Amino acid sequence: MDTVLSGIRSTGNLHLGNYFGAVKNFVKMQHENRCFFFVADYHSLTTHPTPENLHNNIRVVLSEYLAAGLDPEVATIYIQSDVPEIPELYLLLNMNAYVGELERTTTFKDKIRKQPENINAGLLTYPVLMCADIIIHNADKVPVGKDQEQNLEMARRFARRFNHMYGVEYFTMPEPYNFGSELVKVPGLDGTGKMGKSEGNGIYLSDEPKMIRKKVMRAVTDTGPQEPNSPMSEPVANLFYLLELLSTPDTVEHFRASYNDCTIRYGDLKKQLAEEMITFTTPIRERIQEIYNDTAYLGKVVKMGAEKARESASKTVREVREIIGYKPF
Ligand code: TYM
């Protein structure tokens with residue numbers, strides 16, 4: 001049995017990229033493995049939320065996780081800040097993480113470009129906290145999207161360094177996971193790049209049908225194929241990618257054929273895509289509302305998750321402290 005773990009920052013609603021990149025895999029794996037899913041609320045502090053926003057964002061992400069099919073009876077679902085062993089392990093790992101390697105991380109360099117006014121040390125050591133999240137339960141498999149590949153590589157590096165430094169085989173090497181196939185990068189509706197929370201190019205699991213139709217009808221396309229079997233531009237290929245995630249192979253084939261013989265009308269493709277998205281998200285959206293309003297249920301889930309997560313995390317931290325050389329007097 002593998003230990004599977006993943007997390008989502010509590011910085012806004014879940015979009016289809018989060019679902020198909022990570023959550024869908026959890027849902028499939030939770031019954032056969034030892035599974036941990038958590039709300040990464042310490043990670044969200046790098047953007048300085050207000051106290052009200054912090055709390056509400058955690059509630060939103062937790063409700064959406066549960067609505068998307070995570071089962072707190074079989075998996076351990078918890079909030080990062082409920083497990084004080086995580087920041088302790090983070091502190092210990094920070095001593096063996098070098099500023100040079102952290103500065104070279106792509107995500108850190110992106111942040112310097114995007115938010116030069118707030119380059120805090122939390123951003124620099126983000127991969128170390130992520131490593132602590134993962135190895136605190138000795139996870140083998142980490143279902144994530146393509147954008148987290150480098151962070152996973154760093155996690156393996158820090159885990160390997162710890163083993164090497166103390167001459168132990170204590171931590172297992174966590175691998176990013178997507179059922180043996182490539183990690184996915186779900187595209188946004190703006191023609192280029194991935195669907196993201198801050199890019200304004202996404203469809204959220206909580207979006208109303210009207211909103212989904214509006215966003216999809218505005219999606220970027222091109223002037224249409226000029227001759228049979230011409231290659232697709234990136235914006236059009238992205239719409240096909242999304243259709244493939246949500247629709248039947250027959251429907252995809254129908255639109256592909258009409259693209260190849262130049263009879264395609266992008267309006268029809270978008271209408272179909274919007275309806276597929278609505279069919280997919282509607283049952284989840286309805287559950288989100290119900291769960292979000294059920295404070296007693298959320299309280300129960302979080303309490304149960306914290307207990308189970310701390311049991312596993314405190315064992316790791318106790319053993320790590322011993323390995324490092326902390327001893328009782
Ligand atoms: P976050 O919150 O940005 O995203 C959560 C998960 O969604 C995936 N994802 C995507 N996958 C495919 N296509 C997309 N367009 C797309 N957008 C997002 C992400 O790859 C991720 O799996 N640092 C993490 C949170 C985290 C974590 C961890 C994850 C903290 N500690 C430990 C795994 C293990 C993050 O910011 O994800």
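Atoms within a ligand are numbered from 1 in the order they appear, just like the ligands themselves. By convention here, the first residue in the shown sequence is residue 1. Here the structure is a predicted model, which means the values were calculated and not measured.
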Backbone, side chain, both or neither: what part of [X] comes under 4.0 angstrom of ligand 1, heavy atoms only?
| X | value |
| --- | --- |
| Thr11 | neither |
| Phe38 | side chain |
| His43 | side chain |
| Val23 | neither |

List the closest protein heavy-atom neighbour of [atom]: residue, atom name, distance to the nearest 0.1 Å.
| atom | answer |
| --- | --- |
| atom 19 (C) of ligand 1 | Asp147 OD1, 3.4 Å |
| atom 25 (C) of ligand 1 | Gly7 O, 3.6 Å |
| atom 21 (C) of ligand 1 | Gln148 CG, 3.9 Å |
| atom 13 (N) of ligand 1 | Val186 N, 2.8 Å |
| atom 2 (O) of ligand 1 | Arg9 N, 2.9 Å |
| atom 31 (N) of ligand 1 | Asp133 OD2, 2.7 Å |
| atom 12 (C) of ligand 1 | Val184 O, 3.2 Å |

Hey, does [X] sit under 4.0 Å from ligand 1 if you only count heavy atoms?
| X | value |
| --- | --- |
| Gly196 | no |
| Leu5 | yes |
| Lys197 | yes |
| Tyr126 | yes |
| His15 | yes |

| task | Could you check which of Met130, Lys24, Gln80 puts a non-hydrogen atom nearest to atom 28 (C) of ligand 1? | result | Met130
| message | Quick test of your reading of the structure: of Ser10, Gly17, Ser44, whose heavy atom lies closest to atom 10 (C) of ligand 1? | response | Gly17
| Looking at side-chain heavy atoms only, is the closest gap between Glu73 and Met304 below 4.5 Å? | yes
Output yes when [X] and [Y] qualify as a salt bridge under the 4.0 Å nitrogen-oxygen rule, no when they do not.
| X | Y | result |
| --- | --- | --- |
| Glu307 | Lys303 | yes |
| Glu153 | Arg156 | no |
| Glu149 | Lys185 | no |

| said: Using modelled atom types and a 3.5 Å cut-off, is there a donor and acceptor pairing between side-chain atoms of Asn163 and backbone atoms of Arg160? | reply: no
| message | So does Met29 get a backbone contact from the side chain of Asn33, meaning a donor-acceptor N/O pair under 3.5 Å? | response | yes
| note | One finds that the ligand 1 atoms under 4.0 Å from a non-hydrogen atom of Gly21 are 11 (N), 12 (C)
| remark: Within 4.0 Å of some non-hydrogen atom of Ala22, the atoms of ligand 1 are 6 (C), 22 (O)
Say whether [X], considering both its backbone and side-chain N or O atoms, lies within less than 3.5 Å of an N or O atom on ligand 1.
| X | result |
| --- | --- |
| Met195 | yes |
| Ile8 | no |
| Asn18 | yes |

| field | Apart from Tyr292 itself, residues in the same hydrophobic cluster as defined by side-chain heavy atoms under 4.5 Å | value | Val60
| Parallel, tilted or perpendicular: which fits the ring planes of Tyr259 and Tyr266, with parallel below 30° and perpendicular above 60°? | parallel
| Taking the inter-plane angle between the rings of Phe36 and Tyr78 on a 0 to 90° scale, is it parallel (under 30°), tilted (30 to 60°) or perpendicular (over 60°)? | perpendicular
| For Glu234, which of Val220, Thr192, Asp222 qualifies under side chain to side chain contact (heavy atoms under 4.5 Å, CB included)? | Thr192
| field | Asp250 versus Thr248, side-chain donor and acceptor atoms under 3.5 Å | value | no
| said: Run Ile8 and Glu64 through side-chain contact (heavy atoms from CB on, under 4.5 Å) and show every step you take. | reply: CA-CA 11 Å; Ile8 293 216; Glu64 297 193 351; over 6 Å; no
| query | Under the side-chain contact (heavy atoms from CB on, under 4.5 Å) criterion, do Met154 and Met130 qualify, and how do the steps go? | reply | CA-CA 9 Å; Met154 303 281 280; Met130 217 172 128; over 6 Å; no
